[in-house]
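Inspection log for the structure reproduced underneath, given as structure tokens.
Lettering follows sequence order; numbering is per chain, from 1.
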Amino acid sequence: MRALRWAGPNANLLILLGVALVLLWHFGAFSPRTISKLPNLCVFLANAFPPDPEPIPVLLGSMLETVLIALAGTTLAVLVSVPLASLSSRSLFTAPVTSFFRFLLSVIRTIPAILWALLFVITVGFGPLAGVLGTAVYSIGYLGKLLYEAFDAVDRDVLDSVRISGAGKLALMRYVVIPESANYIISQAIFMFEYNVRASTILGLVGAGGIGFYILSYVQVLDYRSLTTALLVVLAFVVAIDVASSRLRSKFLPS
Amino acid sequence: MRISLRDVSFAYRPGRPVLSSVSLDIESGEVLMVLGRSGAGKTTLLKLAAGLLKPQSGSVVYEGLQVDGRRSRAIAYVPQAIGIVENLTVLENALLGALGGLSLFSQVVGSFPREAVSRAKDACELLGLGDYVNVKAKELSGGQKQRVAIARALVQGAKIVLADEFVSQLDPLTSLEVLELTRDLRTQGIGFAITTHDVHLVPKFGDKVAVIRDGRIALHKDASNASVEEVLSVF
Ligand SMILES: Nc1ncnc2c1ncn2[C@@H]1O[C@H](COP(=O)(O)OP(=O)(O)O)[C@@H](O)[C@H]1O
Ligand SMILES: [Mg+2]
């Protein structure tokens, strides 16, 4: 009995380990070619330190651009996702309408932010605008879902009694649904911004603005010391924003 | 003005009727106390009267409460959980009663006519909320929230207020105060249907009493003729 009980987790762990090893082997982790390249890692690390201070001003400026892309994209997303979430919420609308907008939001979510950015690079050209739009669209899919779930949870009785007093759907949204979920909306918007700052650092890879452009360039010209500097700048900003964001969010979440 | 339930039957699930062929009038200018054990169907009855639920058979008729073939805003519904918006102020909550009279545009931009604002302020004043107009509803006590709900009904110009378990969550003294208010408002032509399971409130505050039992109206008469013993005997 005892032995059997212990067999469970151990067996699972062994299976997991086995699967991981097989997959690593499948992707060539144990091939002689890979192993022969292991010293490269040491060469890379040796070349990556100490970080080069020279590009710091440029990097700070482009990191700021990344943050602004995230801010603009998130703001745009909040403005659009509140109405979309209202149209998706069962508190205000019924099946055909809510199903359509829920489906729309889930379709938007299936495409990652970087692909949306690529799409906008193609349509509006290189630069931060593509990054803003890509970030916004992806965030709409994500925030829209979080918000309609919050809107669904608004007290039915409050909605019913205000509806009976003569309020239309728009008024219900403005005076009941949004005030009752305001703190949640703010807290999720801040969370989304925090997430988007991290996500936007790679937008430069597809030419959609921000620090990602420099990261890509340093990799291409093998300037690993500047790369380290860039990564440290990203790290500093992300950590600072994470801390500020969680402080701010705790103010808006129910105590 | 009157809400008439005529032979109303209702079931949430087929084969399990909550109300069977119930007929009952709720009139403006009087207080109807609706009694019954918990689960008897009091809330269901109020929701049917409010038009929030549709009867499976029978009808709910609004007499003198229809304007242009539509039910007017003459009915206010105060659910058991009071139904005010916690994150709005007392005055804003009272003003919600005026929404129905506004154009869509004014509703959305929140521009209430000065007349509505002064009506809302008066209602707050009347209900003893004068010092709280700018306080968020969530910071109020239970009795104060109840008053906010009445203030909204007044601003709405409601002729009949359907109030579910209106005083059940209040301490005895506060519930007496709130009920006395409803009795005063009755003289302004406003009617109340109040559900409760407290039999002792009937003689003091009710004009009529109705007891629901086993899905039917087991007793329905003038409160002055109904003794507590009589009500209890069918409870
Ligand atoms: N939404 C619902 N779905 C299914 N059954 C319900 C629902 N609401 C109430 N009921 C049932 O209907 C009966 C009457 O409920 P209710 O009208 O709330 O009674 P009361 O208000 O007198 O306590 C109860 O048996 C209750 O379980
Ligand atoms: Mg009830």
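Rounding to the nearest 0.5 Å places OG of Ser161(A) at 9.0 Å from CG of Leu52(B).
With a 4.5 angstrom heavy-atom cutoff, Val161(B) does not touch chain A via any of its atoms. The contact between Ile84(B) and chain A is made entirely by backbone atoms, counting heavy-atom distances below 4.5 Å. Of the two parts of Leu162(B), neither the backbone nor the side chain holds a non-hydrogen atom closer than 4.5 Å to a non-hydrogen atom of chain A.
When each of Leu102(B), Asn87(B), Ile82(B) is scored by its heavy-atom pairs under 4.5 Å with chain A, the top score falls to Asn87(B). Ranked by heavy-atom pairs under 4.5 Å with chain A, the first of Val85(B), Val155(B), Leu99(B) is Val85(B).
Residues of residues 169-178 of chain A lying under 4.5 angstrom from chain B, judged on non-hydrogen atoms, are Leu170(A), Ala171(A), Arg174(A), Tyr175(A), Val176(A) by number. Taking non-hydrogen atoms and a 4.5 Å limit, the residue list of residues 132-160 of chain A in contact with chain B, ordered by number, reads Asp155(A), Asp157(A), Val158(A), Asp160(A).
Remark: the backbone N or O of Glu86(B) is paired with a side-chain donor or acceptor of Glu180(A) at under 3.5 angstrom.
Remark: Phe193(A) CZ is packed, more than 12 non-hydrogen atoms of other residues, nucleotides or ligands lying under 6.0 Å away. Atom CZ of Phe126(A) has 12 or fewer heavy atoms from other residues, nucleotides or ligands within 6.0 Å. In the displayed structure, Arg90(A) atom CZ is contacted under 6.0 Å by at most 12 heavy atoms of other residues, nucleotides or ligands. For CZ of Phe237(A), the number of neighbouring non-hydrogen atoms (other residues, nucleotides, ligands) closer than 6.0 Å is greater than 12. The neighbour count for Phe205(B) CZ, taken as heavy atoms of other residues, nucleotides or ligands under 6.0 Å away, is above 12.
Contact detail for Val162(A) and Gly83(B): the closest heavy-atom pair is CG2-O, 4.4 Å. Closest of all the heavy-atom pairs between Gln156(B) and Ser165(A) is OE1-CB, 3.1 Å.
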